[in-house]
Structures are given as structure tokens and as C-alpha cells.
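Below: the structure, in C-alpha cells.
In what follows, every heavy atom counts, from backbone to side chain, and hydrogens, waters and symmetry copies are set aside. For clarity, every value in this text was computed on a predicted model and none was experimentally measured.
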Amino acid sequence: MIFSEFLKQTYNFFSMASYDFNINPYSSDEEEVFAGFSVEEIAEIRQRRQHQDREIEEMFDESGTNSDVEFFASGDEDDEEEDDESNESADEDAPPDPLQWSNTLSDINVEEFSVRHGPTKDLGGQATSKDFLNLFINDDYLDEIARCSVAYARSKGDESFVTNRAEISAYLGLNILMGIHRLPQLEMFWDSDEFIGVEGFKKTIPKQRFKTLGKYLHLVDPGDEDANDVLCKVRSLVTLLEDKFADAYIPGKNVSVDEGLVKFNGRLSFKQYMPMKPDKFGIKVWMLADADNYYVPRFQVYLGKNRTNSELFQLKGLGYYVVWTLGEPYLDDHRHFFFDNFFTSTDLMRDLESRDTYACGTVRINRRDFPADLKREKLVRGEIRTRQCGNLVATMWRDKRVVSLLSTNTPPEAEIHAEQQIVRGRRKQVVPADSMKKPDVVAVYNDGMNGVDVNDQYRSYYPAGSVSRKWWKYLLWFFFNLSIVNSYILEKLAGHKKRSQLAFRRELARLLIAGYNGYKRPSSSGKRAIQTLTREENLGGHFLGKLQGRKKACAMCSKAGRKRSEGRTFETSFGCEQCGVPLCRQMRGEKSCFSQWHGGD
């Protein structure tokens with residue numbers, strides 16, 4: 001016990017040095033001069049030292065360990081990252097259950113996926129972008145936003161502020177256009193400079209009114225806020241989308257789980273730092289996406305480990321908890337889950353397999369139960385090592401760096417070993433060029449892991465929303481953008497229209513604005529509000545606007561054979577901006593030409 005002897009000698013040295021602080025050879029008292037220890041004092045010191053030696057030996061004997069390093073190895077680990085700490089501590093606390101890894105490889109059993117999946121609602125071939133958005137954020141919810149915004153204004157002492165669904169809808173539409181047509185400052189959209197200002201913004205909502213709407217925009221009535229709920233400001237939207245996203249689409253065979261980041265640099269108790277992301281600071285959102293079309297049916301806002309009150313989290317760690325809670329509705333159907341090394345563990349892989357769900361993920365080699373011999377391997381480029389335990393396969397491959405994976409959905413890869421060759425006059429271990437190959441499990445992982453990442457890309461192209469000091473508004477715009485992307489994906493899956501996301505967003509913005517004129521103030525009276533919201537020109541996703549150029553013959557009048565008394569055709573400067581068809585504004589009988597044309601009358 002070399003280490004213990006060293007400790008005892010160190011302890012004895014300091015015991016001798018600190019025997020009696022009243023006897024100080026360097027005392028500033030001139031009347032006392034230190035003349036050395038007496039024989040009696042030396043004997044007393046030796047007795048004390050022998051007594052202390054016996055106490056130390058008894059302490060080591062009672063510890064019951066043969067390793068001095070283990071006895072002193074229970075230090076603090078608070079300097080580790082928060083998320084890694086929760087995963088690794090769960091690995092350490094779990095009861096030992098070592099896997100029997102083998103380098104004897106055999107085929108694995110993977111059942112076919114045959115569950116009905118895809119969109120759950122058919123909107124028909126004439127569905128517009130707004131019809132798809134209405135699957136998630138419909139007019140009823142816009143009415144709720146208008147009501148809560150007015151209530152918030154009243155709580156701030158503003159008795160004159162009123163708004164309605166049409167104005168909130170137009171406000172959202174303009175925010176979509178801000179993501180397409182970007183300017184450095186909000187005020188520049190209303191700039192008088194013809195090369196800077198945007199005419200459509202000026203005609204829709206005045207600048208000061210737009211700012212007032214942004215100031216009072218609220219998703220919950222201040223009187224109904226739950227002080228114990230950190231997300232109370234956006235809880236209604238989160239709850240709504242959790243249900244609507246999952247109801248509108250059932251994911252297919254391949255599902256990926258990853259995190260997204262809502263950029264926010266202000267002060268916030270659950271703000272996260274993610275150095276590998278383009279935006280380093282923000283709010284973390286766990287997401288589950290279909291790996292084949294990038295639709296996100298489930299998500300979860302991460303509030304920090306201290307607010308994750310779950311027994312599963314305490315027992316298994318954060319990575320296990322996230323995958324299990326997000327993916328639980330889709331277990332037992334032979335799906336394939338994909339995730340990165342933050343989530344992957346042998347416990348998770350085996351438990352998913354017990355629920356007829358296969359998985360594949362990169363893994364950190366310091367995880368518990370990862371093959372011990374692979375941890376010691378020093379591979380050269382192109383080498384492959386494989387170990388197997390039932391359906392669970394561990395693969396290690398070196399390309400530019402070492403990549404380690406665990407999988408239950410891909411057969412084990414034959415090992416590739418380097419050969420000794422002479423390269424530039426020196427002997428080196430090299431894998432022959434004709435033996436070089438990428439393991440199949442790496443290709444499978446790359447194909448299945450991009451669901452959340454591509455959805456992130458879609459959202460980053462034209463991000464709707466404006467800058468705010470309120471953290472919850474960044475979450476609002478994140479979920480609004482996510483709703484738009486999911487709507488666009490559903491339209492693509494419907495197969496009726498083939499267009500870019502840009503074209504989808506442009507149409508959606510126009511349909512949300514719907515010719516709204518913000519220079520006519522909304523009324524708080526029910527009758528006028530209903531008239532504003534249900535204008536005939538804006539029904540059915542089409543709206544009436546003024547056409548460019550000279551007047552043209554009304555298409556409905558020509559179809560019905562209507563003419564003026566002098567025999568001339570009815571001409572108009574107006575028409576459906578969606579269809580590009582000239583139509584009269586005037587009433588022809590009980591309905592206008594616009595209504596008759598779109599109603600099929």
C-alpha cells in the first residue's frame with residue numbers, strides 16, 4: 001500500500017510541525033529564546049505519533065478496499081456539461097449487467113414495417129396553403145389570440161386597443177413576408193424612399209399600428225397565467241400543436257430524434273449553450289421527425305434537468321428519457337429510430353428492441369457496456385472492427401477519425417484489418433485500396449439521421465417573425481415557422497401541387513393578409529367585427545383586388561351572357577388575384593360575379 005504509506009508519512013510530518021504553536025522558534029518575543037525540545041517533550045511527541053498511526057491504519061482497514069485510488073476517487077463532477085452529466089451518471093448508477101460481446105458474427109432478425117402511415121386528412125386538389133396551415137393554426141385560434149391581446153392591453157391600462165381575427169391574420173402574413181424580404185430595421189418597410197419601403201406594407205397596416213400589435217400580442221389571458229408553469233406564455237400554442245401535429249400525420253418506417261435551437265441571447269433560466277450549433281445560445285427543443293420527408297409530429301421544449309421531474313429521467317438519463325418520451329406513441333410497430341451519440345446507450349437499444357423497435361446511432365466509446373476491447377483499439381484509416389450480442393451490433397470504423405455506432409437494424413460488417421506495407425521507404429500499417437469501403441451501417445445512419453436537420457434548414461430559409469425583448473415571442477415564431485414548414489410538407493405529400501417553399505409562403509402571406517386595410521380601425525362591436533371577418537371577397541381562400549392595366553370583360557358576365565342595355569359587355573378593373581380572372585365587384589342578383597364564379601353558380 002504505497003499510497004497509504006505516503007499519506008501517513010505526510011500526516012506525521014505535519015503533526016510534528018504543528019505540535020505546539022505556543023513553542024515558536026521564530027517568536028518576536030525577545031524575553032523567550034528557543035533552546036530545543038526536552039527529552040520529555042520528544043517522548044510525548046512520539047507517543048502521539050504512534051497513536052495517530054494506529055488511527056490511520058484502522059481507518060484504512062475499515063474502508064474494505066484494496067485500492068487506495070478508488071478510496072479517494074469520489075470527487076466532484078460539477079464541471080462537466082449539464083446534459084452529459086445526466087446521461088453518464090445514469091450509466092454509472094445502473095446495476096451492472098455486462099453484455100457478452102462476441103467477434104463471431106451472424107445475421108440479425110429485422111421484421112418488416114407494414115403500418116399505415118402518412119397524412120391523415122385529404123384536403124382535395126383545390127386546397128390552398130392556408131387550408132394546410134388551418135390544420136394547425138385555424139381561425140378559432142386567431143380569435144383567441146385577438147381576445148388575449150385585448151385582455152393584455154387592458155391589464156397595461158390601454159382601454160382603447162381593440163383588434164380582431166382579420167388584423168391578427170394580416171399581422172402574421174406581414175411577418176411571413178419579412179422573412180422573404182429582409183431589411184435591417186423594422187421601420188424600413190414603411191420608409192418613404194421608393195427604393196427601400198415596401199408598398200404592400202404601407203397599404204396593409206400603418207407602421208405605428210404594427211408596432212402596437214407587436215407590443216400587445218399575447219397568447220394567454222393575463223388573468224389565466226399559471227405562475228408555476230415556466231411556459232405559461234406559450235402553453236396554449238404548445239398544447240395545440242402537440243395535438244395537431246400528431247393528428248395530421250403518422251410517421252413512416254424511419255424516424256430521427258435530435259435537438260433544435262431557438263436563438264435567444266437574453267437572460268433566461270433554461271437557456272442552453274450548444275457550441276456546435278451556428279447559434280450558440282438559445283432554447284433547446286427536442287424534436288422527432290420522419291426521416292424520409294422531414295415532417296415533425298412531436299417535440300418537447302427542454303427546461304433544464306432541474307425541471308425534468310421524471311423517474312425515468314432519474315434512472316436512465318436525459319438521452320434515454322428524450323427518445324423514449326418522444327417515440328413512445330410509435331413503438332411496437334417495427335420502426336427504425338435514429339439518433340446521435342448524445343442519446344445512444346446499450347440500455348436504450350435493448351429496451352427499444354424489446355418493444356419491436358429497431359435503432360441505429362453513433363455512440364461514445366466510454367459508455368457503459370460498450371465492448372471493452374474496442375475501447376483499446378488504435379485503428380488506421382479504413383479498418384473496421386465489429387462485435388455482436390444478439391441483434392445488437394457494435395461497429396468501429398476509421399475514416400478521417402474514428403466513428404463508433406450501435407445498431408439493431410443492420411447486419412454486422414465483416415472486419416477489415418490493415419497490412420504492413422512500405423510507404424515512401426517506411427513500414428506502415430495500411431488498408432489496401434481495393435479493401436477500402438464505408439460500412440453499410442454508416443450509410444444507413446446517414447440516410448436516417450437527417451430528418452430534424454432538414455426541417456431546420458427549411459425553417460432557416462425564410463424565418464418569419466420580428467425581433468423582441470421577450471423570450472417567449474422567439475418560441476412563438478419558432479412554432480409558427482414549424483407550422484408553416486409542416487404545412488408545406490403536407491402539401492408536397494398530397495401531390496396536387498409542385499412548387500417551392502418560397503412560392504408556398506408567398507401565397508400563404510397573401511391569403512392571410514386577404515386585402516386587409518389597416519387604415520380602417522377594427523371595431524369592438526360584434527356586428528362590425530363579423531362583417532370585417534366574413535367579407536364576401538375573401539371567402540374560400542380567394543380575394544378580390546385591383547388588376548393591372550386597362551379594364552377587361554368580366555368573365556362571369558361573359559359566361560352568363562349578361563350585357564349592358566346598349567349591348568356592350570360588362571368590363572371591370574377588379575378580379576380574383578388568386579385566379580387572375582377579371583370579375584365584377586357589383587352585385588348581380590343575390591350574389592356578386594366574384595361569389596358566383598367561385599361558388600360555381
Side-chain angles (χ1 to χ4, degrees), residues 127-146 149 162-183 186-191 197-214 216-217 462-466 476-477 480-481 483-484 487-488 491 499 501-523 528-548 574-581 583 585 594 598:
T128 65
S129 53
K130 189 173 186 299
D131 294 326
F132 284 100
L133 183 66
N134 283 342
L135 292 174
F136 312 129
I137 301 175
N138 55 24
D139 290 344
D140 291 339
Y141 190 68
L142 296 184
D143 286 338
E144 180 67 10
I145 294 177
S149 299
V162 293
T163 188
N164 55 35
R165 183 201 306 171
E167 188 172 37
I168 295 297
S169 179
Y171 177 80
L172 295 177
L174 291 182
N175 273 279
I176 293 176
L177 293 176
M178 286 180 177
I180 298 172
H181 185 88
R182 302 185 192 182
L183 290 173
L186 178 66
E187 294 79 3
M188 296 179 73
F189 289 96
W190 288 267
D191 200 286
V198 181
E199 199 65 28
F201 279 68
K202 299 176 186 179
K203 291 180 178 179
T204 304
I205 299 178
K207 178 178 67 175
Q208 194 54 46
R209 178 64 179 178
F210 188 91
K211 289 184 175 181
T212 302
L213 285 170
Y216 290 135
L217 184 69
Y462 314 104
S466 50
L476 162 64
W477 295 122
F480 184 58
N481 273 306
S483 300
I484 295 174
S487 302
Y488 172 62
E491 185 189 69
R499 55 177 170 177
Q501 186 192 178
L502 175 60
F504 180 88
R505 285 183 178 251
R506 288 180 63 181
E507 180 194 273
L508 178 59
R510 294 175 70 90
L511 293 176
L512 287 173
I513 295 170
Y516 178 78
N517 184 356
Y519 292 89
K520 298 177 181 178
R521 279 288 164 265
S523 171
R528 184 174 175 184
I530 292 174
Q531 290 174 349
T532 304
L533 298 175
T534 60
R535 288 176 298 181
E536 182 188 34
E537 304 94 274
N538 301 326
L539 294 175
H542 298 265
F543 51 91
L544 195 66
K546 194 164 185 178
L547 301 178
Q548 297 291 329
F574 294 87
C576 178
E577 295 192 7
Q578 178 70 17
C579 304
V581 177
L583 295 165
R585 296 182 67 186
F594 182 90
H598 293 99

Does atom NZ of K203 have more than 12 heavy-atom neighbours, drawn from other residues, nucleotides or ligands, at distances under 6.0 Å? no
Verdict with reasoning, L476 to L217, per side-chain contact (heavy atoms from CB on, under 4.5 Å): CA-CA 11 Å; L476 162 64; L217 184 69; 3.7 Å; yes
If you look at every heavy atom in A146 and R165, which pair is closest and at what distance? CB-N, 4.3 Å
Determine whether a donor-acceptor pair (N or O, by modelled atom type, separation under 3.5 Å) exists between the side chain of N164 and the backbone of E167. yes
Quick one: CD on E144 to CD1 on I168, what's the gap to the nearest 0.5 Å? 11.5 Å
Between A464 and I176, the two heavy atoms sitting closest are CB-CA, 3.9 Å
Tested for ring pair (Phe, Tyr, Trp, His ring centres under 6.0 Å) against F210, the lone hit among F201, W190, Y516 is W190
Look up atom CE in M178 and atom CG in L174, then write down how far apart they are to the nearest 0.5 Å. 6.5 Å
Sub-4.5 Å side-chain heavy-atom contact between I484 and Y462: no
Nearest-0.5 Å distance that lies between atom CG in N134 and atom CG in L142: 8.0 Å
State, with a plain yes or no, whether a side-chain heavy atom of K130 is found less than 4.5 Å away from one of D139. yes
What's the shortest heavy-atom distance between A127 and F132, and which atoms? CB-CE1, 3.8 Å
Keeping R182 on the side-chain end and G179 on the backbone end, is there a donor-acceptor pair under 3.5 Å? yes
Heavy atoms only: give me the nearest F480-I137 pair and the separation to one decimal. CD1-CD1, 3.8 Å
Verify, without hydrogens or angle tests, whether N138 (side chain) and Y141 (backbone) share a donor-acceptor contact under 3.5 angstrom. yes
Considering only heavy atoms from C-beta outward, does the side chain of L133 approach that of L511 to under 4.5 Å? no
Does the side chain of S487 come within less than 4.5 Å of F504's, by heavy atoms? yes
Roughly how far, to the nearest 0.5 Å, is the OG atom of S129 from the CZ atom of R506? 12.0 Å
Between the CD atom in E187 and the CD atom in Q208, the distance rounded to the nearest 0.5 Å is 9.5 Å
Is any side-chain heavy atom of H181 closer than 4.5 Å to one of F189? yes
Charged N-O contact under 4.0 Å between E491 and R499: yes
Residues L512 and S169: closest non-hydrogen pair is O-OG, 2.7 Å
What pair of heavy atoms forms the shortest contact from K202 to D191, and how long is it? NZ-O, 2.7 Å
Working to the nearest 0.5 Å, report the span between CZ of R510 and CD1 of I513. 8.0 Å
